[in-house]
Each structure stands twice: as structure tokens, then as C-alpha cells.
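Shown next, in C-alpha cells, is the structure this report addresses.
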Amino acid sequence: MFKSILAVSEGGPDAAMSFKLAARVAGLFDGVVDALHLPVGPAGGMIGGLAMSGEAMPLIMNLDDERLEERAKESERAYKELVAGVKGATFTAAKTATLDTLVAMGRCSDVIVLGRPGADPENVAPATVEAAIHECARSVMIAPPNPGEGPFESVIVAWNGSFQAARAVEYALPFLAQARDITILVVGSTADDVGAPYLARNLGRHGLKTTIDAIDPGAVSARARGRALLDYTHGKGSSLLVMGAYGRGQVMSFLGMGGATAKVISSCRVPLLMAH
């Protein structure tokens with residue numbers, strides 16, 4: 001169950017996305033939202049000794065104090081509008097908050113919620129995504145511009161037999177228990193080759209009915225495989241996508257992660273739950 005939900009904002013378009021999805025999850029599980037504002041740029045994105053992709057570094061603008069203050073106010077505004085009504089909710093904001101703060105709070109939460117990266121012209125490839133996925137040892141939810149409302153009734157589980165996918169499924173069990181439609185999707189392989197029937201059997205023992213499906217995008221790039229996964233998810237009208245997070249430190253990849261992972265993070269139109 002998700003009782004402690006850490007919602008992270010850097011004061012851009014991510015604020016409303018992250019906080020709205022966090023409040024949605026809290027409502028489903030009678031949880032509490034802890035909202036955290038992180039300053040962007042050298043004040044927040046480069047401190048703490050955590051890895052940042054080479055591509056991300058020049059995409060963070062050197063914001064002046066006035067602009068940083070405006071972004072902090074946007075996080076606070078979004079908190080008051082979307083989260084403050086959740087019983088027990090907290091708001092943490094400080095000019096000295098760093099990625100270390102995110103990691104410390106994240107490791108003591110049940111799930112971390114972030115707004116979709118890439119939409120903020122002042123912070124195009126935030127280091128928060130990589131830090132949350134690779135340093136917090138928790139599941140991470142990426143909120144799209146429209147995070148939706150109510151239960152996640154239709155869930156796609158992207159399955160390739162990896163330990164990342166297995167962890168994502170474990171973290172997603174509370175959502176799966178509430179879903180009316182669960183599809184185990186295999187991309188670019190056969191269901192038997194990646195043990196999908198074993199996963200279906202295990203979920204069945206949890207009382208969960210699943211359907212196995214497979215798609216073959218052909219001999220294409222990782223980003224194209226990610227695009228095929230998105231096309232399937234969006235075409236099915238699903239309300240949640242569950243998948244493993246792959247790759248790290250890839251300088252030529254957005255967010256410094258694998259091509260398929262980066263593509264899905266930046267383009268998924270429904271909430272995305274990931275684990276490394």
C-alpha cells in the first residue's frame with residue numbers, strides 16, 4: 001500500500017503534474033503526500049554527488065534569484081491548490097534543498113511522483129528523474145500533463161523477464177489489485193521466452209486475472225521499441241503503464257538513460273510506474 005507519497009516539484013510545469021497525480025494516488029490508498037520543492041540549476045541540480053548525464057548539463061539555465069523564487073512560489077501554489085487538502089500533507093521547500101534531500105526523503109517513502117520531464121524550457125532534462133530512479137530504491141511514477149482521476153482500471157505491464165521489470169511488478173501490486181483489466185505485454189520476443197506465463201500464474205495466485213499479449217516491432221532501435229510500447233498502451237486506452245527502467249549514464253540519451261526508457265518517460269500520455 002502507498003501510505004507515504006513523495007511528490008517532487010522544481011517549480012515548472014512539473015508542479016501541477018506531480019502534485020495532482022500524488023493526490024490521486026493518496027486518495028486511492030488513504031495515503032499522505034509529502035511535497036518537496038527543489039530549486040533547479042546549480043542551487044539544486046548539481047549538488048549532492050549524484051550522476052547527471054552529460055547531455056543534461058547544458059540544458060539547465062543559470063537562473064537568477066528572482067526566477068528561482070518565482071519557481072518556488074509556483075510549487076507552493078500548486079501544493080495549496082492540489083495537495084494541501086490531503087490529510088496530513090506536508091510541504092518542504094528550502095534554498096539549500098538538493099538531490100541529497102530528494103534521496104533521503106525518497107528512501108523513506110513508498111513511492112516517488114515526478115512530473116514529466118522535457119516540458120520545462122528552463123530545466124529540460126532534470127537530474128531528479130535519474131536520482132529518483134537509481135538512488136532511492138523505490139518505485140517512481142511519472143505524471144503526464146493530464147494525470148487523470150480515480151482508480152487505474154486498465155494496466156499494461158511491460159514484461160521482458162528482467163529484474164527491473166520484476167521489481168516494477170512487485171511495486172505495482174497495489175494498483176494491480178484494484179485494476180479490472182491487466183495486460184502482460186511482451187515487446188520484441190515471445191511470451192514463453194521471457195517467462196510471461198510464469199508471471200501470469202503468480203499474479204493469478206494473488207487473485208489477479210491477466211491477459212498475455214506480444215508485439216514485434218522488428219529489428220528497430222531502442223527508442224522505436226519504446227514508441228511501439230507507447231502506441232500499444234495509448235491505443236488500448238490504458239490508464240497506467242508499468243515497466244522497468246533501463247540504462248544509466250548514457251551521455252547521448254535524454255535523461256542519461258536507455259533509449260526505450262527515455263522515450264517512454266518523455267512521451268507516455270498516462271501515468272507511468274517504473275523501477276530499477
Side-chain angles (χ1 to χ4, degrees), residues 1-6 21-22 24-25 28-29 31 106-107 109-114 129 132-144 147-148 151-215 222 225-226 228-230 232-234 236-248 257-258 260-265 268 270-276:
M1 299 293 285
F2 299 116
K3 293 298 185 180
S4 294
I5 302 149
L6 178 62
L21 179 58
R24 179 184 180 185
V25 174
L28 293 176
F29 299 102
R107 289 176 179 173
S109 301
D110 296 323
V111 61
I112 302 163
V113 181
L114 305 171
V129 179
I133 290 175
H134 292 284
E135 301 291 342
C136 291
R138 291 292 184 268
S139 60
V140 174
M141 293 190 75
I142 305 294
F152 297 88
E153 295 187 344
S154 178
V155 181
I156 301 292
V157 175
W159 182 255
N160 60 5
S162 68
F163 66 81
Q164 292 95 336
R167 285 174 177 169
V169 171
E170 180 182 6
Y171 285 127
L173 280 175
F175 290 116
L176 298 180
Q178 295 185 356
R180 58 169 173 75
D181 178 42
I182 304 169
T183 301
I184 300 171
L185 180 65
V186 178
V187 180
S189 186
T190 67
D192 288 339
D193 285 345
V194 296
Y198 298 141
L199 176 60
R201 182 175 67 183
N202 179 51
L203 293 178
R205 290 170 178 169
H206 286 268
L208 304 176
K209 183 178 180 180
T210 61
T211 300
I212 299 175
D213 201 357
I215 57 174
R225 289 196 299 274
L229 172 58
L230 289 172
Y232 184 96
T233 301
H234 298 155
K236 194 174 177 64
S238 298
S239 49
L240 178 68
L241 173 60
V242 176
M243 66 176 285
Y246 308 97
R248 185 173 189 183
M257 287 182 278
T261 302
K263 176 61 181 177
V264 174
I265 288 175
C268 192
V270 300
L272 168 67
L273 186 147
M274 313 188 80
H276 176 69

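Residue indices begin at 1 and follow the sequence shown.
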Enumerate, atom names and distances included, each donor-acceptor pair closer than 3.5 Å involving a side-chain atom of residues 165-181, sequence neighbours excluded.
residue : atom : partner : partner atom : Å
Arg167  : NH1  : His276  : O            : 2.7
Tyr171  : OH   : Ala137  : O            : 3.1
Arg180  : NE   : Glu153  : OE1          : 3.1
Asp181  : OD2  : Ser154  : OG           : 3.3

Solution key, residues 198-206 side-chain donor-acceptor pairs under 3.5 Å, sequence neighbours excluded:
none

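- Between Pro271 and Leu240 the shortest side-chain heavy-atom distance falls below 4.5 Å.
- For Lys209, the NZ atom counts as loosely surrounded, since its 6.0 Å shell holds 12 or fewer non-hydrogen atoms of other residues, nucleotides or ligands.
- Looking only at side-chain heavy atoms (C-beta outward), Ile265 and Met274 come within less than 4.5 Å of each other.
- Atom CD1 of Ile133 is separated from atom CD of Gln164 by 11.0 Å, given to the nearest 0.5 angstrom.
- Counting all heavy atoms, side chain and backbone alike, Ala228 lies closest to Ile215 at O-CD1, 3.8 Å.
- The heavy-atom pair separating Ile5 from Val25 by the smallest distance is CD1-CG1, 3.8 Å.
- Taking each heavy atom of Ala260 and Ala222 in turn, the nearest pair found is CB-O, 3.2 Å.
- Side chain of Ser139 to main chain of Val111: no donor-acceptor pair is present (N/O by atom type, distance under 3.5 Å, no hydrogens or angles).
- Counting only distance, with no hydrogens or angles, the side chain of Arg225 and the backbone of Gly188 share no donor-acceptor pair below 3.5 Å.
- Of all heavy-atom pairs between Ala191 and Pro197, the closest is O-CD, 3.4 Å.
- Remark: the Tyr232 side chain and the Thr183 side chain contain no N/O donor-acceptor pair separated by less than 3.5 Å.
- In terms of heavy atoms, Val186 sits closest to Ala196 at CG2-CB, 4.0 Å.
- The shortest distance between side-chain heavy atoms of Val264 and Thr233 does not fall below 4.5 Å.
- Distance check: Leu241 CG to Leu230 CG gives 7.0 Å after rounding to the nearest 0.5 Å.
- Using a 4.5 Å cut-off on side-chain heavy atoms (C-beta onward), Asp110 and Phe29 make no contact.
- The closest donor-acceptor contact from the side chain of Arg138 to the backbone of Ile112 lies at 3.5 Å or more, if one exists at all.
- Contact check for Asn160 versus Tyr246: side-chain heavy atoms found under the 4.5 Å cut-off.
- The two residues Cys136 and Gly106 come nearest to each other via the heavy atoms SG-CA, 4.1 Å.
- Counting heavy atoms from C-beta on, the side chains of Phe2 and Leu28 never come closer than 4.5 Å.
- Proximity of Ser238 to Val155: side-chain heavy atoms (C-beta onward) are nowhere separated by under 4.5 Å.
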